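Everything numeric in this text was worked out from a predicted model, so none of it was measured.
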Amino acid sequence: MTTTVGHAHPALAPTTLGPLALRTRYAVAPMTRVSAAPDGTPTGEMADYYAEYARGGFGLVISEGTYTDTAASQGYLNQPGLARDGHVAGWRVVTAGVRAAGGRMIAQLMHAGAISQGNPHQDHTVGPSAVQPRGEMMPAYGGSGPWAAPRELTTAEIDAVVDGFAAAARRARQAGFDGVEVHAANGYLLDQFLTDYTNRRTDSHGGPVAGRIRLTARVVAAVAEAVPELVTGVRLSQTKVNDFTYRWPGGRDDAEVIFAAVAEAGADYLHIASEGRNWLETAKLADGATITALAREVTGLPVIANGGMHDLTQAREVLDGGHADLLSLGHGALANPDLPARVAASEPLAGFDRSMLSPTVTVANARRWRESRQA
């Protein structure tokens, strides 16, 4: 890993995302922290956690996946929500802290679908089809054992999912967020509709890729219409939390259909996730092009690249090579909440230590890990 570089690194240059002026091209990637109150209300500890990134120079902070309704969307116990009006006040404290520190904040809205492993509102999961998810629940997020097969969503329930995203977007506006990111990546519900082996529907939301991306496009359109004054983004990925090897079966052809559909629906930016993998591992297409550069080419929209962007050499290549416009960091940000400031000062970066998320990924456990290192 390259750890030092001069202050001229392109990631430190200011940029814009729609109407948002960002002081750097560094963004904090959405990372589930299961640290909210049991009812989904953000806590003061969460406000401190997010504000620290803004104080450290990140231009954009994207929230962890936030559930959208009190039916089947919640994925984890102690996950934050924007599903009821009571959640808004907690988020206002978070967004105010980020803004006071010079950052901008976007709410990522998420429906877990078939890979929900902690939802007090339901005793079952839902999905595009009654297909048991691959893999097993994640202990670091409070789960164990295989996921159950979900119940297939009806057409009316799909409409309710769309309405839930739009309602949550309106609450995000009330809570002071600068934008909304639709989570259509990493194996959650919208990605389950996009994935060929989890979507066996024969209606307009299934079949070829144009049908499988339809729900995501509907959600993006509903969010953009609900909060036209906010930035609307969409996060997409090929890999998943429960399937690191999956790739869109149609390669470039599928990608072009997917990117065009969400752009036409009203997305202001695309965020291409790598789900724990390096960008190079998941971005390369068969013809040698990258999926992030293709997203820029097809849509003309800003693209956020993800996966190993704490490596300063790779980060420079991604930006200077026209592969993306912004960079989102997960593990690199956890290890270095002040990473942009460190890069500007040519200071070394700390390596990520997985024990900071042990035994679970809560903000409190990470704080205790840091305190133990400082003692």
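The distance from the CZ atom of Arg296 to the NE2 atom of His323 is 9.5 Å, given to the nearest 0.5 Å. Distance check: Glu256 CD to Leu294 CG gives 5.5 Å after rounding to the nearest 0.5 Å.
Between Tyr50 and Trp91, the ring planes lie tilted relative to each other; the angle falls in the 30° to 60° range. Between Tyr76 and Tyr188, the ring planes lie perpendicular to each other; the angle is over 60°, past the 30° to 60° tilted range.
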Open item on the list: I'd like to know whether Ser35 forms a side-chain hydrogen bond (donor to acceptor under 3.5 Å, both in side chains) with Asn78, so could you lay out the CA-CA distance, the side-chain angles of the two residues, the decisive distance to 0.1 Å, and finally the verdict.
Closed with: CA-CA 6 Å; Ser35 297; Asn78 297 106; over 6 Å; no
Open item on the list: Could you go through Glu64 and Arg235, starting from their C-alpha distance and side-chain angles, then the distance that decides it, and tell me whether this counts as salt bridge (charged side-chain N to carboxylate O under 4.0 Å, His left out)?
Closed with: CA-CA 12 Å; Glu64 60 206 281; Arg235 194 180 209 215; over 6 Å; no
Open item on the list: Asp159 vs Arg218, test: salt bridge (charged side-chain N to carboxylate O under 4.0 Å, His left out). Steps then yes/no.
Closed with: CA-CA 9 Å; Asp159 293 343; Arg218 287 184 61 192; 2.9 Å; yes
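Comment: Arg212 does not engage Asp196 in a salt bridge, judged by the lack of any side-chain N to carboxylate O separation of less than 4.0 angstrom. Taking 4.0 Å as the cut-off between side-chain N and carboxylate O, Asp85 and Arg171 count as a salt-bridged pair. Contact check on Glu45 versus Arg367 returns a salt bridge, with a Lys/Arg side-chain nitrogen under 4.0 Å from an Asp/Glu carboxylate oxygen. Salt bridge annotation for Asp191-Lys240: present, with a cationic side-chain nitrogen under 4.0 angstrom from a carboxylate oxygen.
Cluster annotation: Leu236 and Leu301 are assigned to the same hydrophobic cluster (Ile/Leu/Val/Met/Phe/Trp/Tyr, side-chain heavy-atom contacts under 4.5 Å, transitive). Hydrophobic clustering of Ile, Leu, Val, Met, Phe, Trp and Tyr side chains at less than 4.5 Å, counting indirect connections, keeps Leu60 apart from Leu327. The hydrophobic cluster containing Met110 also contains Phe193, counting ILVMFWY residues as joined when their side-chain heavy atoms lie under 4.5 angstrom apart, directly or transitively.
In this structure the side chain of Ser237 never reaches within 4.5 angstrom of the side chain of His183, judged on heavy atoms. Contact annotation: the side chain of Val220 never approaches that of Phe165 to less than 4.5 Å [non-hydrogen atoms, C-beta and beyond]. With a 4.5 Å cut-off on side-chain heavy atoms, Asp268 and Leu17 do not count as touching.
Because its NZ or CZ atom is not both nearer than 6.0 Å to the ring centre of Phe177 and within 45° of the ring axis, Arg99 does not count as a cation-pi partner of that residue.
Within 6.0 Å of atom CZ in Arg368, more than 12 heavy atoms from other residues, nucleotides or ligands are found, so the atom counts as buried in its surroundings. Other residues, nucleotides and ligands contribute over 12 non-hydrogen atoms within 6.0 Å of the CD atom of Gln132.
The backbone N or O of Gly75 sits nowhere less than 3.5 Å from a side-chain atom of Asn119 that would complete a donor-acceptor pair.
The only member of Val180, Ile62, Val182 that meets side chain to side chain contact (heavy atoms under 4.5 Å, CB included) when paired with Gln108 is Ile62.
In this structure, Ala224 and Thr232 approach most closely via the heavy-atom pair CA-OG1, 3.6 Å.
Ring pair Tyr197/Tyr246: centre-to-centre distance below 6.0 Å. Between His310 and Tyr26, the distance separating the two ring centers is not shorter than 6.0 angstrom.
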